[in-house]
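Just so it is clear: chains get the letters A, B, ... in the order the sequence lines come, proteins before strands, and each one is counted from 1.
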Amino acid sequence: MPELPEVEVVRRGLARWVIGTTIDEVEVLHPRPVRRHEAGIDDFVSRLNGATVLDVVRRGKFLWLSLDSGEALLAHLGMSGQLLLEAPDAPDEKHLRVRLGLRGGTGRELRFVDQRMFGGLAVVDLVKTPDGGPGGLGGVPAEDAPVPVGLPGEPAGDGPVEGEYTAGEALIPVPVAHIARDALDPLLDVDLLAARLRRRETGLKRALLDQTLISGIGNIYADEALWRAKLHYARATETLNRPTLNRVLAAAQDVMREALAQGGTSFDSLYVDVNGQSGYFERGLDAYGREGEACHRCGSQMRRETFMNRSSFFCPKCQPKPRSGRF
DNA sequence: ATAACGCCCTGTGTGC
DNA sequence: TGCACACAGGGCGTTA
């Protein structure tokens, strides 16, 4: 459930502390989180040992460390994944899956902790993006990156911030090549998105969750965006005119920027930054998880419906069901 | 080709 | 008390 803001919080933490460090003493404690590395665990370990981190980049919910070997360590947090920077002598987490030593940094090691193991790590090749640029936030050139000093939790220097996107000859991991630019990507092509939505025969929430159309939006922020835009989840995408599309897109961007400014949303201890700290945006939610509570806009009782094997929360008055919706 | 379903995982909460 | 089951849901392989 970490969505764009939560993953970006992690990316910023990693960018600040691991760029310039060299990976060593990689230890895989459970095979499943490395299942996407098809050449096997030994190959995963040997490709990482001795590699130096040049950059930390994100597109949608995918995150990767670009390495001086020309490859990338690709990470997806899935439902419950965490990337933590910890002292090597800190006790192992119950669900610690992969440990990566880091030389030349703060002395902390990088840990991939994942209870449900929907997420994972893989060392993958990079390819040039068809439209140039890595997408998402970040992509800061290594030479401009802050030198890791001090300890996590005691920020030193300026980390990458929104707007520091750099276009150019950027590369993207092969498994991410089919993922669309994300909702906060300055190079998101809204005209292209509009054209693809018009041709789609599906419901609006399905489209918002389709990472090949627009990425970074998950179940929580989809519901929040629809509530803010006063649109029903089953609204047929081919009936969306451009102002309405702009409205829901702006709502998604607004709510994710607000969440990012709060350090992300946290419902429990699963969604944390590299220091294990939770965000504070939960209080800012208007739709997700509010079944039976009063709509923050009109006071009607919020409803929950099961859809796509997920819960959808909405206000039945502000977001009326369309006559011919697509579920 | 597109659209949608089902599976993978584990811990928590609920009902019988 | 213990057991069964629903739920959380992103991404991808399979099916229609």
- Query: Between atom CD1 in A/Ile179 and atom C1' in C/dC12, what is the gap in whole Å?
  - Reply: 10 Å

- Query: Among B/dT10, C/dG11, C/dG10, which is the nearest nucleotide to the side chain of A/Asn219?
  - Reply: C/dG10

- Query: Could you state the CD-C1' distance from A/Glu305 to C/dA6, rounded to the nearest angstrom?
  - Reply: 18 Å

- Item | Separation of C/dG10 P from A/Tyr221 OH (nearest whole Å) | 12 Å

- Message: Walk along nucleotides 1-8 of chain B from 5' to 3' and tag each nucleotide B, S or - by protein heavy-atom contact under 4.0 Å, base first, then sugar-phosphate.
- Response: --SSS--B

- Query: What nucleic acid atoms does A/Arg36 come within less than 4.0 Å of, heavy atoms only: base, sugar-phosphate, or nothing?
  - Reply: sugar-phosphate

Please list, one pair per line, the donor and acceptor atoms closer than 3.5 Å that link side chains of residues 317-324 of chain A to other protein atoms, with sequence neighbours excluded.
| from | atom 1 | to | atom 2 | distance (Å) |
| --- | --- | --- | --- | --- |
| A/Gln319 | OE1 | A/Cys315 | N | 2.9 |
| A/Gln319 | NE2 | A/Leu226 | O | 3.4 |
| A/Gln319 | NE2 | A/Leu231 | O | 2.9 |

- Query: Within this structure, what is the CG-to-C1' distance between A/Leu77 and C/dG10, rounded to whole angstrom?
  - Reply: 11 Å

- Message: Rounding to an integer number of Å, can you tell me how far A/Gln115 CD sits from B/dG11 P?
- Response: 6 Å

- Query: What pairs with A/Arg206 under salt bridge (charged side-chain N to carboxylate O under 4.0 Å, His left out), at least two apart in sequence or on another chain?
  - Reply: none

- So, A/Asp286 and A/Arg297, do they make that salt bridge, N to O below 4.0 Å? no

- Query: Quick one: A/Arg310 CZ to C/dG10 P, roughly how many Å, whole number?
  - Reply: 5 Å

- Query: Taking atom CG of A/Leu14 and atom CG of A/Asp55, what is their separation to the nearest 0.5 Å?
  - Reply: 11.0 Å

- Message: Do A/Val53 and A/Ser66 have side chains that approach each other closer than 4.5 Å (heavy atoms only, starting at C-beta)?
- Response: no

- Query: Are A/Ser80 and C/dA8 close enough that a side-chain N or O sits under 4.0 Å from OP1 or OP2?
  - Reply: no

- A/Ser215 and its side chain to side chain contact (heavy atoms under 4.5 Å, CB included) partner, picked from A/His178, A/Glu3, A/Lys61, A/Arg59: A/Arg59

- Task: Classify the nucleic acid contact of A/His178 as base, sugar-phosphate or nothing, counting any heavy atom under 4.0 Å across all strands shown.
- Result: sugar-phosphate

- Note on the structure: Taken to the nearest whole Å, NZ/A/Lys94 to P/B/dT10 is 11 Å

- Message: Once you measure the plane-to-plane angle for A/Phe44 and A/His37, does it fall in the parallel (<30°), tilted (30-60°) or perpendicular (>60°) bin?
- Response: perpendicular

- Message: If the cut-off is 4.0 Å, is A/His76 near the phosphate of C/dG11, judged by side-chain N/O to OP1 or OP2?
- Response: yes

- Query: A/Asp114 has an atom CG; how far is it from atom C1' of C/dG10, in whole Å?
  - Reply: 12 Å

